[in-house]
Structure formats: C-alpha cells, structure tokens
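All heavy atoms count here, side chains included; hydrogens, waters and symmetry mates do not. As the structure lists them, so they are numbered: ligands from 1, and atoms in each ligand from 1.
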Amino acid sequence: MNQPANLRSWVSDANQHADFPLHNLPLGIFSQGGSPRRAGVAIGYSIVDLHAALAAGLFSGAAQTAVQATADGTLNGLFALGRGPRVALRNRLLELLGEGSGERDAVARCLLPMADCTLHVPAKIGDYTDFYVGIEHAKNVGKLFRPDNPLLPNYKYVPIGYHGRASTVRASGTEVRRPRGQTLPAGHSEPSFGPCARLDFELELGVWIGPGNAMGEAIAIDQADEHVAGFCLLNDWSARDVQAWEYQPLGPFLSKSFITTVSPWVVTAEALAPFRCAQAARPEGDPRPLPYLWDARDQAEGALDIELEVLLLTAQMRERHLPAERLALSNSQNMYWTVAQMVAHHSVNGCQLQPGDLFGTGTLSGAQPGQFGSLLEITQGGKEPINLASGEVRRFLEDGDEIILRARCRGMGQSSIGFGECRGVVVAAR
Ligand code: CA
C-alpha cells in the first residue's frame with residue numbers, strides 16, 4: 001500500500017502542496033454555482049470532477065463502479081463498496097494525474113479550481129458517535145474534578161463514548177451560533193437560562209465508516225480496518241456551562257448537539273497507510289485489553305501519527321490583518337484506543353454500523369501545556385486566561401472568534417499530506 005515518496009503529478013501546484021499532493025487524493029462532495037452535488041478528488045488547488053471524468057470514459061472496471069456509486073451526490077455508496085473499489089479508484093487516479101499520464105488533456109478538462117467550489121459534508125450520516133480515547137484529555141479534564149484520581153476505573157478497559165446527533169454535523173465554514181440553555185451559576189441552587197458563557201472547541205479526528213455490519217453480528221478486531229473508509233478533522237463544539245449542569249447521570253446532551261464541524265475532505269485509509277505506527281499510548285503495566293479488543297497487528301501498526309493543530313482568529317485579529325494564533329499542537333498518538341478497537345467495541349453488542357456513520361475520537365490533547373485540545377484544559381476551566389499576541393484575553397470563546405483545525409502527516413522519507421481545514425466562526429446567540 002505504501003506509495004513512493006517521489007510521486008509527482010503533472011498538476012504542478014500539487015507537488016509542493018502541503019495538504020493535497022498526488023499521494024493524498026482525498027474524496028469529497030462539492031458543488032459549483034447552483035450545480036447538483038457531485039463527487040470529486042482534491043489535487044493541489046484543484047478538484048477532479050469525478051462525474052465529468054466518468055462521462056469522459058476515463059474509468060473502467062472497479063474504479064468505474066466506485067465513481068458510479070457516488071451518483072446520488074454522497075459518498076455513502078462508495079463507502080459501502082469497501083476497500084477494493086476505493087483502491088482501484090485511487091490507483092487509476094494515480095495513473096491519470098501522475099507525470100507521464102497518457103490522458104492528461106482529457107483529465108485537465110475535468111479539473112475545477114477548488115476556490116470556485118463549495119464543499120459539503122461528504123456523506124449522509126446515519127449515526128454519529130463521539131468517543132473519549134484521548135487519554136491525556138481524559139486525565140486533564142479528570143484532574144479538574146478529581147485531582148487525586150483523574151481517570152475513572154473503566155477507562156483502561158472500555159473505549160468510552162456517547163451517541164451524538166448526526167442532524168447537526170456541518171461542513172467547515174458553517175457559522176457556529178452560540179447556543180442558549182440551562183446552566184447552574186456558581187453558588188446558586190436553581191438554574192438560569194440564557195446564552196452559553198463558556199463556549200469551547202474540541203480538537204478531534206473524525207472516522208468515516210465503510211461497509212459496516214449486519215445487526216447482531218460484531219465486527220472482529222482483525223476485520224475492523226475493512227470498515228474504515230477514511231478520516232477527517234472534527235470540532236466537537238461544547239457549551240461547558242450547559243454540560244456541567246446536564247451531564248449527570250447520562251452524559252452530554254444539549255451541550256454538544258448544537259453543531260459539530262467536520263473538514264470536508266475524506267483522507268482515505270490508503271493515503272494514511274504510510275503514517276500508521278505502533279500503539280504507544282498504553283504504557284507497560286496497564287491492563288491488557290480484553291481479547292475482543294486485542295490484535296497483535298493492530299498493536300504493532302494500528303495507531304496513527306498525525307500532527308494536529310488548533311488556531312484562533314479573533315474578530316479584532318481579522319480587522320487588524322493579524323495572523324491566527326496557535327492554541328495547541330498535538331498528535332493522534334495520544335489515542336489510548338486505536339480506530340480498530342473503537343470499531344470492534346462499537347459493534348461487539350450487535351449494534352449495526354452503516355456506511356457513512358461518523359465517529360469522533362474524543363479530544364486529542366497531549367500531556368504538556370501547548371498540546372491541549374480544548375479551552376477547558378488550556379485555561380483550567382477559565383481560571384488561567386490566555387493572553388493573546390493581539391493584546392486580547394480569552395477564557396472561553398467570544399462572538400467573532402474563529403477556530404481553525406489543521407492536520408498534517410510527516411512520515412520519514414514521505415512528502416507530507418494534510419487534511420485541509422476545519423473552520424467555524426462563533427456568532428451571537430439568537
Ligand atoms: Ca468530544
């Protein structure tokens with residue numbers, strides 16, 4: 001599956017592109033002007049219109065089947081086909097877009113400037129589950145509530161998660177309306193109702209599910225990777241004051257379901273293959289996972305080495321043409337459970353996973369300051385405000401603040417690939 005690092009494209013701006021060089025080829029759903037939604041692939045600053053390329057006769061066999069499966073303007077059908085057709089499409093695109101392609105002129109007619117297109121949530125999401133596998137986040141947040149015992153006893157046995165709302169998952173660029181809700185002000189015994197005063201972000205990876213399972217049939221851990229189509233960035237916007245009042249006993253509810261933002265490009269499992277690594281977040285001496293969560297190959301190469309970044313751009317920074325300020329730089333190696341373990345656990349009771357289902361990993365913080373993937377951690381629940389280079393101060397997000405998530409894979413001897421951006425601007429409560 002590994003691609004040589006020196007793959008070059010005749011689409012010349014792709015070769016130095018930080019996110020979308022030839023060996024990435026992420027899948028997405030776009031529209032241009034009022035056109036119907038259709039599937040595309042990012043290459044440099046352009047999109048290959050797969051529908052147009054299909055009409056031009058550039059695909060045959062399994063690659064053709066893969067593109068035909070996107071005819072409804074979503075990637076669900078392609079995800080449902082599993083790895084084979086997805087790989088065939090990738091291999092054909094490597095030929096078509098590679099230096100020395102014999103079909104360069106025909107492909108060039110199918111390229112659109114990405115800046116002229118609108119990108120959408122790439123699949124119709126049936127179910128969205130948010131996990132809690134970032135162990136440093138779990139420890140950092142646990143410490144705020146239980147300084148002596150930050151991790152609850154189930155953490156090292158169960159990949160913890162909750163069921164989120166698929167209805168409010170939106171693509172990067174969608175504005176984030178400050179939610180209103182119930183909160184319990186400090187020192188009060190009765191709740192208040194009003195705009196959230198402690199609005200936060202959460203830096204997460206998203207996982208797009210492929211074929212899935214029949215209800216009642218679990219996915220074995222050594223088969224789990226067959227059910228992962230690809231990855232995105234995910235911001236699980238969180239109303240901390242609403243969350244603190246509502247979360248017991250059943251977990252987050254309205255504090256999370258007002259919006260979840262995803263980056264629109266699906267970075268495929270194949271593109272990420274060179275950036276897999278050994279599971280390192282589980283130290284020696286931790287309990288061995290139960291057999292249904294244990295697989296030697298998954299332990300050896302099931303983790304991911306993806307650099308994750310959060311930036312803040314305030315309204316004042318935009319007005320003064322200041323650059324966005326980095327709030328955190330972390331890595332997906334802080335996942336205590338691998339994606340395969342998440343898939344195996346989610347389905348072990350017979351729960352059906354379906355093509356286009358979305359998982360969030362949970363906040364992927366590191367252990368050190370500068371690596372925290374939420375303001376809850378960065379400001380210690382608002383107690384230690386951030387002094388920004390612009391002279392502004394933040395405890396939680398204010399109206400006009402934009403959060404930008406980015407991700408990059410930098411392998412030894414490999415050109416980097418990236419995810420594109422996951423952005424959202426906070427706007428005032430209604
Ligand atoms: Ca979360």
Participant: Which atom, among the N/O/S set of Glu204, is closest to the Ca ion (ligand 1)?
Facilitator: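 Looking at Glu204, the N, O or S atom with the least distance to the Ca ion (ligand 1) is OE2.
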Participant: Should the pair Arg394-Asp401 be classified as a salt bridge under the 4.0 Å nitrogen-to-oxygen rule?
Facilitator: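 Between Asp401 and Arg394 there is a salt bridge, with a charged N closer than 4.0 Å to a carboxylate O.
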Participant: How is the N/O/S atom of Asp130 that comes nearest to the Ca ion (ligand 1) named?
Facilitator: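 Per the distance ranking, Asp130 contributes OD2 as its closest N/O/S atom to the Ca ion (ligand 1).
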Participant: State whether Glu202 and Arg240 are salt-bridged, where the test is any N-O pair (Lys NZ or Arg NE/NH1/NH2 against Asp/Glu carboxylate O) under 4.0 Å.
Facilitator: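 Judged by the 4.0 Å cut-off on N to carboxylate O distance, Glu202 and Arg240 do form a salt bridge.
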Participant: So does Arg177 have more than 12 non-hydrogen atoms from other groups sitting under 6.0 Å from CZ?
Facilitator: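 Yes, because the 6.0 Å sphere around CZ of Arg177 holds more than 12 heavy atoms from other groups.
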Participant: Taking the Ca ion (ligand 1) as the reference point, name the nearest N/O/S atom of Asp236.
Facilitator: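 In Asp236, the heteroatom (N, O or S) nearest the Ca ion (ligand 1) is OD2.
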Participant: Using only N, O or S atoms, tell me which atom of Glu202 is closest to the Ca ion (ligand 1).
Facilitator: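 Looking at Glu202, the N, O or S atom with the least distance to the Ca ion (ligand 1) is OE1.
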Participant: Using 0.5 Å steps for rounding, measure from the OG1 atom of Thr361 to the CG atom of Leu234.
Facilitator: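 Result: 7.5 Å between the selected atoms.
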